[in-house]
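What follows is a short report on a single structure.
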Amino acid sequence: MFDSIAGKFTGIMRTLSGKGKISEKNVRDAVEEIKEALLDADVNLRVVRRFVNSTLDEALGEKVLSAVNPGQQFTKIVYDKMVELLGGSGSTALNLKGKDATSVILLMGLQGSGKTTAAHKLAYRLKKDGRKVMLVAADLVRPAAITQLQVLGEKAGVPVFTITGEKDPAKVAEAAVSRAKHELIDTVIIDTSGRMHLDEALMEEIQRVAKAVRPDETLFVADAMTGQSAVDIAKEFEEKVGISGVILTKFDSDTRGGAALSLRAVVGKPIKFIGTGEKMEDLEVFHPERIATRILGMGDIVSLVEKAQEQFDQAEAERLQKKMEKNTFDLQDYLDQLENLKKMGSADKLLEMIPGAKGNISEEDLHLEELEKEKAIIRSMTRFERSNYRIIGPSRRKRIAKGSGTSVAEVNRLLKKFEKSRLMMKKVMTNKKLQAAMLKQFGM
């Protein structure tokens, strides 16, 4: 995501940060490059002008030009302006009632924007947060829309409310909310119908649904890849129906970022969630400050740590720590950690979160193909071999290589690497000074 603009911004910041002193011309040239990068990213023209003018006004002051480190000062100004552009420090949390009442979330948008997929991802997320959720199939126009929602609802473990033969989505929505209150369901997510283009019939239909259920949240679902047209459509929905926030789908495929960088400024409503992949769990809260650091090539360590925490629970971490202390960490443990790493997301997504990695480290540099081979090798071992790698002699190595489709040399390389890793773990676990030095490297 943001590949194009992030690459340009990183280059601009790197050029200025390397200078011990910068002139007014340096600043003006950098801001001009920023302007071109934003326009190339399909950001709204008025938004670009506002961003550029406010950045220039602040950057040309004495605070920057006479600063001890003017490059860093300029980067800080651009970062602050970017955060402000993306939504500032305001809350992106859903405005829902407590679990003793029923909250209603109405999703709306054009056909193909990803409403139905967003509905089940949001349902799954809220269910994980401890809420009791019901999905409502109020898209009565698109063929198979109800069936699709039922399939996705089952996948998320969430009930889907439908009324066979009903033609009025407002009646379906109203009946669903009534059922939810009766069954003590605290969150109702209504999936409405879209159209290929904006039209009065669509707006009237959604207005009637909104009037019937009085939603706590009216979320506009937009395809991030449609750029400026997503902003124009959002304005129309805001004027006719009113929106409380935005879900940007296909955010991971949006290399330019025009919609994300324009929506808040033009529509005045926060982006609350972003779709970052095809999996059910690939719906993330939109954090302006974290996205700003990614755009400026500064990484996103907070999100990286959160992703790691989702895969590594406390009990598992303590179990591994004890195994490392006793030097009993085995090949099965190593395989488990490789699998957990894969669950954190694609290499491209992870590289975006590592400061300085984007553009400097490629997926090839991570030796991902090598890791897949290692997993195949370990899977070709017996449980006894995984728990005691020292018994793996020449004949076993030959069998393992054949079973994993690799060579004996590659099996030897893995075992040698694993042995070195165990020695390093033992050294770290028994050396408090080394532990402290490593934690200091991560700012802990």
Side-chain angles (χ1 to χ4, degrees), residues 1-6 8 34-52 82 85-87 92 106-119 121-122 139 141-142 145 191-207 209-210 217-278 282-284 286 288 291 294-295:
M1 58 189 86
F2 292 122
D3 289 353
S4 174
I5 192 169
K8 289 173 184 175
I34 288 171
K35 176 183 169 184
E36 287 176 16
L38 291 171
L39 290 172
D40 286 345
D42 196 27
V43 179
N44 181 277
L45 183 58
R46 262 188 288 180
V47 172
V48 174
R49 282 176 182 160
R50 207 178 306 148
F51 182 92
V52 165
M82 188 63 71
L85 176 64
L86 290 165
T92 55
L106 179 66
L107 300 187
M108 53 193 185
L110 293 188
Q111 191 171 314
S113 60
K115 285 191 307 302
T116 305
T117 304
K121 285 182 178 180
L122 183 57
D139 181 353
V141 176
R142 182 169 61 89
D191 179 30
T192 61
S193 62
R195 300 287 189 278
M196 291 306 292
H197 304 285
L198 283 170
D199 58 33
E200 287 304 316
L202 169 63
M203 289 304 183
E204 284 173 17
E205 182 181 290
I206 293 172
Q207 283 169 341
V209 173
E217 288 276 2
T218 47
L219 300 180
F220 172 69
V221 182
D223 181 342
M225 295 178 72
T226 57
Q228 276 308 294
S229 62
V231 179
D232 297 335
I233 295 161
K235 278 173 67 181
E236 193 80 22
F237 271 93
E238 166 62 8
E239 289 167 11
K240 298 286 175 67
V241 184
I243 63 178
S244 59
V246 177
I247 296 178
L248 267 183
T249 61
K250 303 175 191 172
F251 192 76
D252 55 317
S253 302
D254 179 24
T255 57
R256 296 196 296 171
L261 291 165
S262 304
L263 265 164
R264 174 66 193 228
V266 175
V267 186
K269 302 295 177 181
I271 299 170
K272 298 206 170 188
F273 296 99
I274 49 175
T276 57
E278 296 177 5
D282 291 337
L283 185 74
E284 298 179 9
F286 185 82
I291 298 299
R294 292 191 204 185
I295 291 173

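Starting from 1, each residue takes its place in the sequence as its number.
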Review point. Heavy-atom distance under 4.5 Å between the side chains of M108 and I243, does that happen here?
Key: yes
Check your understanding: Is there side-chain contact between F251 and I271, with heavy atoms separated by less than 4.5 Å?
Key -> no
Practice item. Could you tell me the separation between the CD atom of E236 and the CE atom of M203, rounded to the nearest 0.5 Å? Key: 5.0 Å
Revision key, fill the gap. d(N44 CG, L39 CG) to nearest 0.5 Å is 10.0 Å
Revision key, fill the gap. Rounded to the nearest 0.5 angstrom, the CD1-CD distance for I233 and E238 is 14.5 Å
Check your understanding: Any ion pair linking D223 and K250 (charged N to carboxylate O, less than 4.0 Å)?
Key -> yes
Exercise for review: Can you see which heavy atom on L107 is nearest to which on A118, and at what distance?
Suggested key: CD1-C, 4.4 Å
Review point. Shortest non-hydrogen contact from T218 to G242?
Key: OG1-O, 3.0 Å
Review point. Can you name the closest pair of heavy atoms from S244 and K272 and give their distance?
Key: O-CE, 3.7 Å
Practice item. Take I34 and F51 through the side-chain contact (heavy atoms from CB on, under 4.5 Å) test and state the conclusion after the steps. Key: CA-CA 9 Å; I34 288 171; F51 182 92; 3.8 Å; yes
Exercise for review: State which residues pass side-chain hydrogen bond (donor to acceptor under 3.5 Å, both in side chains) with K269; sequence neighbours excluded, sorted by chain then number.
Suggested key: none
Review point. Are any non-hydrogen side-chain atoms of L261 and L38 less than 4.5 angstrom apart?
Key: yes
Point to revise | Nearest atoms (heavy-atom pairs only) where G194 meets L202 | key: CA-CD1, 4.2 Å
Check your understanding: Got a donor-acceptor contact below 3.5 angstrom from the S113 side chain to the L110 backbone?
Key -> yes
Check your understanding: Should I206 and F237 count as side-chain neighbours, where that means a heavy-atom distance under 4.5 Å?
Key -> yes
Review point. Side chains of L263 and L248: closer than 4.5 Å at any heavy-atom pair?
Key: yes
Review point. Side-chain contact, heavy-atom cut-off 4.5 Å: I247 with K121?
Key: no
Review point. What is the minimum heavy-atom distance between L86 and A260, and which atoms define it?
Key: CD2-O, 3.6 Å
Review point. So how far is it from E204 CD to K240 NZ, rounded to the nearest 0.5 Å?
Key: 9.5 Å
Review point. Which atom pair, heavy atoms only, marks the closest approach of D42 to S262?
Key: O-OG, 4.3 Å
**Study point:** Residue list, salt bridge (Lys or Arg N to Asp or Glu O under 4.0 Å) with R142, at least two apart or on another chain
**Key:** D139
Check your understanding: Does a side-chain heavy-atom distance below 4.5 Å link T192 with L106?
Key -> yes
Revision key, fill the gap. One should read off an interatomic distance between T249 OG1 and M225 CE, to the nearest 0.5 angstrom, of 10.0 Å
Check your understanding: Heavy atoms, side chains only, cut-off 4.5 Å: are V246 and R264 in contact?
Key -> no
